[in-house]
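Written out below as structure tokens is the structure these notes cover.
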There are 2 protein chains.
Amino acid sequence: MDTVRTVVGALPRPGLRERKKQQTRDALVRAALDLIVTRGYDGTTVDDIAAAVDVSQRTFFRYFASKEEVALFVPGLAEQRITEAVRARPRDEAPLEALRRAVLDSWDAIGEAVGRLVPMELHMRVYRVIESTPALLAAHLRRSAELEEELAAIIAAREGVDVDSDPRPRILVAAFGGVIRVAERLWSAGDDLSEEALRELMRTCLDHVGPALAANWRTDASLNRPHET
Amino acid sequence: MDTVRTVVGALPRPGLRERKKQQTRDALVRAALDLIVTRGYDGTTVDDIAAAVDVSQRTFFRYFASKEEVALFVPGLAEQRITEAVRARPRDEAPLEALRRAVLDSWDAIGEAVGRLVPMELHMRVYRVIESTPALLAAHLRRSAELEEELAAIIAAREGVDVDSDPRPRILVAAFGGVIRVAERLWSAGDDLSEEALRELMRTCLDHVGPALAANWRTDASLNRPHET
DNA sequence: GAGGCTAGTGTCAGCCGCTGACACTTGACA
DNA sequence: TGTCAAGTGTCAGCGGCTGACACTAGCCTC
């Protein structure tokens, strides 16, 4: 904690030690995801992962607090980009619109950040495992809840309201998050695991929020359904 | 599986054996919740719970698949009542309204079902532990996701749409579920742990869905805020 | 009411996730 | 070059959870 602090954070010169650390961590992530998509989450032990990178189990746990954490590391990168994107939205945008655009526009940034660490296809396959593995899904949802908390704070600040006395930021984000999760779920259950498919699903899901909350589905149903599937 | 099947399900005569089972299970739940609220979730081992009921650890795991399950057993009862209530709503109600009324109106049924098993206050205190214990919160969220899936199917059936081709049921339920969770969270973080407080929070949160999704908060903000807290 | 049948239980052994303690190695920096 | 701290391996141990197997106790039939 009382370490020598580099001036700008760590950007200027990684340092040999630091580079090695980064390297092992990345290797652990890659090995973990590889094993997980082939043998399944429960079929992969931490010992397997550690052995694949030739470190001890103890070392694994110095990098990741749990087996879940390593599996959700890459999604975590994506979440980071999204919060950044929300923060960067112009303040005159409506809150819901800001969230919407942030998610839809950060695709490239996410792809780049993820691709630097693991092949994109691997990441996609991991999502399927997440959705179909109870323990992993639970952890993912909890993390999503934390993300929502963070987004609520950002939205509140943007709109100049107090996040504790005005429930709207949290409510908006919760509803939004729920919809995003539906898109994730539909995507991981479907056949087309491409990025475009996910992006398109998110777009259509968000388009359906209004109609879904509408008073009566039966009258205006066919009207607000752009195209099926 | 090829057991002798009682005609009506199990209602007519519980049978001595069956009664004993019910009894141990209830005792396990009660002991578990007692321990959990006093020593915390992580501070309570399955051995502790089993010992308190004077059964072996192995037996505990024959009743509950995991430590989480016993902690979330009572919330599970509440969820059951809610799905029943949704199913019972008149079909001419708008979907969102049906969900809303189902939740707000099943309070008595929930109270009765819960009270038969554990003191209401204990149940309330458990909620606080759930929200503040990562592992437990994760499990809770996963179960909520399952509940949402079930509710989506009910809504879809009600509205005569196909849950797999029309995303609206899932989206509606996801948004609704998100809002309910916000209420739960605010409640468990607040001072007033009464049922009325939770109910009131849910009501106001649901009232805020429209405004929260509205285009611009700054113009109509003060307008749609009934009362603070 | 004695018999067999089966559901439920306890015991035991063991895997796996995860942690604290301690000794050792290796990059950093004077 | 020598000192210091950061990072690692080893070991021992706890707690959640499971399969196997033997035992006990309700149930049902004759």
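Chain naming here is simple, since letters A, B, ... match the order of the sequence lines and numbering starts at 1 in each. Atoms considered below: every heavy atom in the structure, side chains included; atoms not considered: hydrogens, waters and symmetry mates.
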Report, one pair per line, the protein and nucleotides 3-6 of chain C atoms (nitrogen or oxygen only) whose separation is under 3.5 Å.
residue, atom, partner, partner atom, Å
C:dT6, O2, B:Arg17, NH2, 3.3

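If you check residues 19-47 of chain B against DNA chain D, the residues with a heavy atom closer than 4.0 Å are B:Lys20, B:Thr44, B:Thr45, B:Val46, listed by number. Contacts between residues 127-143 of chain A and DNA chain D, defined by a heavy-atom separation under 4.0 Å, are absent. For the segment residues 56-73 of chain A, the set of residues with a heavy atom within less than 4.0 Å of an atom of DNA chain D comprises A:Ser56, A:Arg58, A:Thr59, A:Arg62, A:Tyr63, in numerical order.
Heavy-atom neighbours of B:Asp162 CG from other residues, nucleotides or ligands within 6.0 Å: above the threshold of 12. By the neighbour-count criterion of 12 heavy atoms within 6.0 Å, atom CD of A:Glu121 is sparsely surrounded, having that number or fewer from other residues, nucleotides or ligands. At most 12 heavy atoms of other shown residues, nucleotides or ligands fall within 6.0 angstrom of atom CZ in A:Arg125.
Put simply, CG on B:Asp54 is 17 Å from P on D:dT24, counting in whole angstrom units. To the nearest angstrom, P of C:dT9 lies 11 Å from CD of B:Glu18.
Note on residues 41-68 of chain B: pairs passing salt bridge (Lys or Arg N to Asp or Glu O under 4.0 Å), not counting sequence neighbours, are B:Arg39-B:Asp48.
For the atom pair CZ of A:Phe73 and CZ of A:Arg25, the computed distance is 4.0 Å after rounding to the nearest 0.5 Å. Rounding to the nearest 0.5 Å gives a distance of 10.0 Å between CD of A:Glu148 and CG of A:Leu172.
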Next on the checklist: A:Arg89 vs A:Arg158, test: side chain to side chain contact (heavy atoms under 4.5 Å, CB included). Steps then yes/no.
Outcome noted: CA-CA 9 Å; A:Arg89 295 310 304 176; A:Arg158 234 180 97 91; 3.5 Å; yes
Checklist entry - Between B:His123 and B:Glu195, does a side chain to side chain donor-acceptor pair (under 3.5 Å) hold up when you go through it step by step? => result CA-CA 11 Å; B:His123 171 226; B:Glu195 291 181 75; over 6 Å; no
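Among residues two or more places apart in sequence or in another chain, the side-chain contact (heavy atoms from CB on, under 4.5 Å) test is passed with A:Glu146 by A:Arg142.
Residues B:Cys205 and B:Val182 come closest through the heavy atom pair SG-CG1, 4.2 Å. Across A:Arg143 and A:Leu72, no two heavy atoms sit closer than the pair NH2-O, 3.3 Å. The two residues A:Ser132 and A:Pro134 have their closest heavy-atom pair at O-CD, 3.6 Å. Annotation for B:Thr24 and B:Val55: closest pair CG2-CG1, 4.0 Å, computed over non-hydrogen atoms.
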